Amino acid sequence: MAPSPTGPLHIGTARTSLYNFLFARHTGGTYVLRIEDTDTARSTVEYERDIIDNLRWLGITWDEGPQVAGGEDIGPCGPYRQSQRMELYAREADRLLASGHAYHCWCTPEELEAVRQEQAARKEAPRYDGRCLRLTDADRERFEREGRQPVIRLKVPPEVIRFDDLIRGEVEFDNALLGDFVIVRANGVPLYHFVVVIDDEAMGITHVVRGEDHLSNTPKHIALIRALGYTQPRFGHIPLILNPDRSKMSKRKSQTAITAYREEGYLPEAMVNFLAFLGWSPGTEEEIFSLEQLADRFEIASVHKGGAVFDAERLNYLNGVYIRNLTDDQLALRLRPFLPEALEDASVLRAVPLVKERLVRLADAPELLAFLTETDAQVSALYEPDALLPKGRSHAEVASALATVRDALAALGDADFAADLLETRSRAIGEEMGWKAGDLFRPLRLALTGRSVTPPLFGSMELLGRERVLARIDAAIGKLVEAGGPTT
RNA sequence: GCCCCCAUCGUCUAGAGGCCUAGGACGCCACCCUUUCAAGGUGGAGAUCACCGGUUCGAAUCCGGUUGGGGGCACCA
């Protein structure tokens, strides 16, 4: 797997990494991570860190490659950052130049653009016309005197390239249509197509599994492999992950950064399960799989050929499943970073059963439990007194009903303030007064939490504790009396 | 424009010639459960397997074409 640190770990890169990982684990292979940072202008250590950290977060581990951003490598073929392998690339470029497989090109961007324009006008494929191949020594001397720095281009032989793709089977390209592409920039920094091929050989890569967007780059790589006299690896091109409009998933139209999903509280297990099924299935109707189970079942040949739309709804569903499958202790631990520090660990643990089956993402928890850390005044400010009124009930009636409940609850000691008992007492009072349970519980819920959608009422009361429950009911009664005008 | 790839419910997919009057899941709808919201349960709508030809006793499955979609054609990766 060879990500480029020019942005945070992308969903598509994560999925490609996952497939590489599963393929390597399933077949007993060696999984190599290589950082492709030849685009020095856009590559940063921060992005490298984001990629490494989030790959780890997903549970994807590699046998060879950088272990820490900017840090040490593990493996016999290092360094695993291309920025640290420049001598090798320079050597191979010289070799290609010497053998006549590559040549210098002095064309300026303007000249190249002009050629492209002409070709476009003639409705031809845009490609380099090889003009620098016909340069005289005098031309070259003149360019050098002008201070022009040449790029190096591969002389691409006009031949038909065929290869057996791991996923797509036989694929065929005509390299006569390709044009001599640049392999080393004018500033001496080599380009992606060139270094990939060199490193794959140097690192003993036998299988290249990458996105379908590289399918049409493969003939370039094969041309390079042949010019350099390398061994050709097997290629496998996995389908793209798509935006809802079926275009290649992009930052513009979708959330593509894995970090963002992590921050919203998606579990790595859910993410992995979801990603694995975007383009692959075990061929059965099972759909919940751990990373280990996936590695056990994954077959590269049964990866699909067509692209798959990223369906956030389905991810949400899976995340919920994984959250519900956690033990209370585990969930409390995962929830901790998402909740305010003011909420102590013991309370988090006690709150877990209340929120567990209501969570889609971990980041949904703070809103669900906000009433626990908000002050009584804050809660009271969240609702209008009229919102406490069930249909057909007056301010005075509701105030009186709440007061009755309040007094009954006040009769309970701190130790008896448990959900079961609270519910029994409250229901009994509702019955005595001839109130429908919902009509009584709705204003109670609003009074206690300031919200109409909350975790179960009596469990919430238990967490709030006697004192705050009574205070908040009192506050609600106060608001009702004030809004109800003079009582008769 | 040129080259390449792809094509089963809205979405993710099962399906490798008869098991398919096409199965599952998400989403959607209804009902049940229920103090709200969820979760859970039950049921339902939803795909003439893109289209047209062919091969075959028989095709979603094989072949050809058409259409549609996507990707690539950089001194990005």
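Given the structure is predicted, the values throughout are model-derived calculations rather than measurements. All chains are named by letter (A, B, ...) in the order of the sequence lines, taking the proteins before the strands, and each is independently numbered beginning at 1.
When the P atom of B/C37 is taken as reference, atom CD1 of A/Ile323 falls 20 Å away, rounded to whole Å. Atom-to-atom, CG of A/Asn273 to C1' of B/A25 comes out at 12 Å; the value is rounded to the nearest Å. For the pair A/Glu299 CD and B/G15 C1', the interatomic distance rounds to 17 Å; values are reported in whole Å. Rounded to an integer number of Å, the gap from CD of A/Glu170 to P of B/C4 is 14 Å. Between the CG atom of A/Asp245 and the C1' atom of B/U11 there is a distance of 14 Å, rounded to whole Å. Taking atom CG of A/Leu315 as the reference point, atom P of B/G27 lies 12 Å away to the nearest angstrom. Taking atom CG on A/Asn217 and atom C1' on B/C3, their separation rounds to 12 Å, with Å as the unit. Taking atom CD of residue A/Glu367 and atom P of nucleotide B/C37, one finds them 16 Å apart after rounding to whole Å.
Closest to the A/His214 side chain, of the nucleotides B/A77, B/C5, B/G40, is B/A77. Closest contact between the side chain of A/Tyr192 and the listed nucleotides B/A77, B/C76, B/U35 involves B/A77. Closest to the side chain of A/Arg358, from the set B/A38, B/C76, B/C73, is B/A38. Distances from the side chain of A/Arg185 to the nucleotides B/C12, B/A77, B/G40 place B/A77 closest. When the nucleotides B/C75, B/A77, B/G40 are ranked by their closest atom to the side chain of A/Pro109, B/C75 comes out on top. Closest contact between the side chain of A/Arg42 and the listed nucleotides B/A77, B/C12, B/U36 involves B/A77. Nearest nucleotide to the side chain of A/Tyr317, out of B/G72, B/C75, B/A25: B/A25. In the set B/U36, B/C12, B/A14, B/A14 carries the atom at the smallest distance from any side-chain atom of A/His304. Each of B/G71, B/G40, B/U11 was ranked by its minimum atom distance to the side chain of A/Arg246; first place goes to B/U11. Comparing B/C3, B/A25, B/G72 by their nearest atom to the side chain of A/Asp213 picks out B/G72.
If you check every strand for non-hydrogen atoms under 4.0 Å, A/Arg445 touches a base. Residue-level contact check: A/Glu286 touches neither bases nor backbone, having no heavy atom under 4.0 Å from any strand. When heavy atoms are screened at a 4.0 angstrom cut-off, A/Ser452 is found touching base atoms of the nucleic acid. When heavy atoms are screened at a 4.0 angstrom cut-off, A/Arg427 is found touching base atoms of the nucleic acid. A/Ala186 comes within contact range of at least one nucleobase, with a heavy-atom separation under 4.0 Å. If you check every strand for non-hydrogen atoms under 4.0 Å, A/Pro456 touches a base. A/Ser426 comes within 4.0 angstrom of no nucleic acid atom, judged by non-hydrogen atoms across all strands. Nucleic acid contact class of A/Pro455 (heavy atoms, under 4.0 Å, all strands): base. At the heavy-atom level, A/Val182 lies under 4.0 Å from the strands shown only through sugar-phosphate atoms. Across all strands, A/Phe274 comes closer than 4.0 Å to no nucleic acid atom at all (heavy-atom distances). As judged by a 4.0 angstrom heavy-atom cut-off over every strand, A/Ser4 is placed among residues touching the sugar-phosphate backbone only. Counting any heavy atom pair closer than 4.0 Å across all strands shown, A/Leu457 reaches a base atom. Across all strands shown, A/Gly279 has heavy atoms under 4.0 Å from sugar-phosphate atoms exclusively, and none from any base.
Under 4.0 angstrom from either OP1 or OP2 of B/G70 there lies no side-chain N or O belonging to A/Lys305. Look at A/Thr284 and you won't find any side-chain N or O under 4.0 angstrom from OP1 or OP2 of B/A14. For B/A77, neither phosphate oxygen OP1 nor OP2 lies less than 4.0 angstrom from any side-chain nitrogen or oxygen of A/His193. Look at A/Ser281 and you'll find a side-chain N or O under 4.0 angstrom from OP1 or OP2 of B/A14. Between A/Arg324 and B/A38 there is no side-chain polar atom (N or O) within less than 4.0 angstrom of OP1 or OP2.
Distance check, rounded to the nearest 0.5 Å: CD1 of A/Ile60 to CG of A/Leu22 gives 7.5 Å. Within the model, atoms OH of A/Tyr89 and CD of A/Gln82 stand 4.0 Å from one another, a figure rounded to the nearest 0.5 Å. A distance of 11.0 Å separates CG of A/Asp180 from NZ of A/Lys220, quoted to the nearest 0.5 Å.
Across B/U42 and B/U61, the matching P atoms stand 34 Å from one another, rounded to whole Å. Comparing the same atom, C1', in B/C73 and in B/G10 gives a spacing of 33 Å after rounding to whole Å. Remark: the separation of the C1' atoms in B/U21 and B/G40 is 32 Å, to the nearest Å. Comparing B/C12 with B/G17, their P atoms sit 25 Å apart, to the nearest whole Å. On the P atoms, B/C76 is 31 Å away from B/G69, given to the nearest whole Å. Taking the P atom of each, B/G23 and B/G44 are spaced 12 Å apart, rounded to whole Å. Spacing of P atoms, B/C29 relative to B/A39, comes out at 13 Å, to the nearest Å. A gap of 12 Å separates the P atoms of B/A59 and B/C49, to the nearest Å.
Between A/Tyr266 and A/Tyr322, the ring centre distance reaches or exceeds 6.0 Å.
Nearer to the 5' terminus of RNA chain B, by closest-nucleotide assignment, is the contact made by A/Asp174 (compared with the other of A/Glu357 and A/Asp174). Nucleotides of RNA chain B nearest to A/Asp311 and A/Leu177 differ in position, and the one nearer the 5' end is that of A/Leu177.
B/C73 is paired with B/G1 under the criterion used here, namely a Watson-Crick or G-U wobble arrangement in which both key atom distances are under 3.5 Å. Nucleotide B/A7 is matched to B/U67 when pairs are restricted to Watson-Crick or G-U wobble geometry with both distances under 3.5 angstrom. Base-pair partner of B/A30: B/U42 (Watson-Crick or G-U wobble, both distances under 3.5 Å).
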* To do: Test A/Glu111 against A/Arg148 for salt bridge (charged side-chain N to carboxylate O under 4.0 Å, His left out), laying out the working first.
  => CA-CA 13 Å; A/Glu111 288 167 346; A/Arg148 275 155 85 150; 3.3 Å; yes

* Please walk me through it: do A/Arg226 and A/Glu159 pass salt bridge (charged side-chain N to carboxylate O under 4.0 Å, His left out)? -> CA-CA 12 Å; A/Arg226 291 183 181 174; A/Glu159 59 185 341; 3.4 Å; yes

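Looking at A/Arg297 and A/Glu286, a side-chain N of the basic residue comes within less than 4.0 Å of a carboxylate O on the acidic one, giving a salt bridge. For A/Arg361 and A/Asp364, the salt-bridge test passes: some basic side-chain N is under 4.0 Å from an acidic carboxylate O. Under the 4.0 Å criterion applied to side-chain N and carboxylate O atoms, A/Glu269 and A/Arg334 are assigned as salt-bridge partners.
Considering only heavy atoms from C-beta on, A/Phe194 comes within 4.5 Å of A/Leu224 through its side chain.
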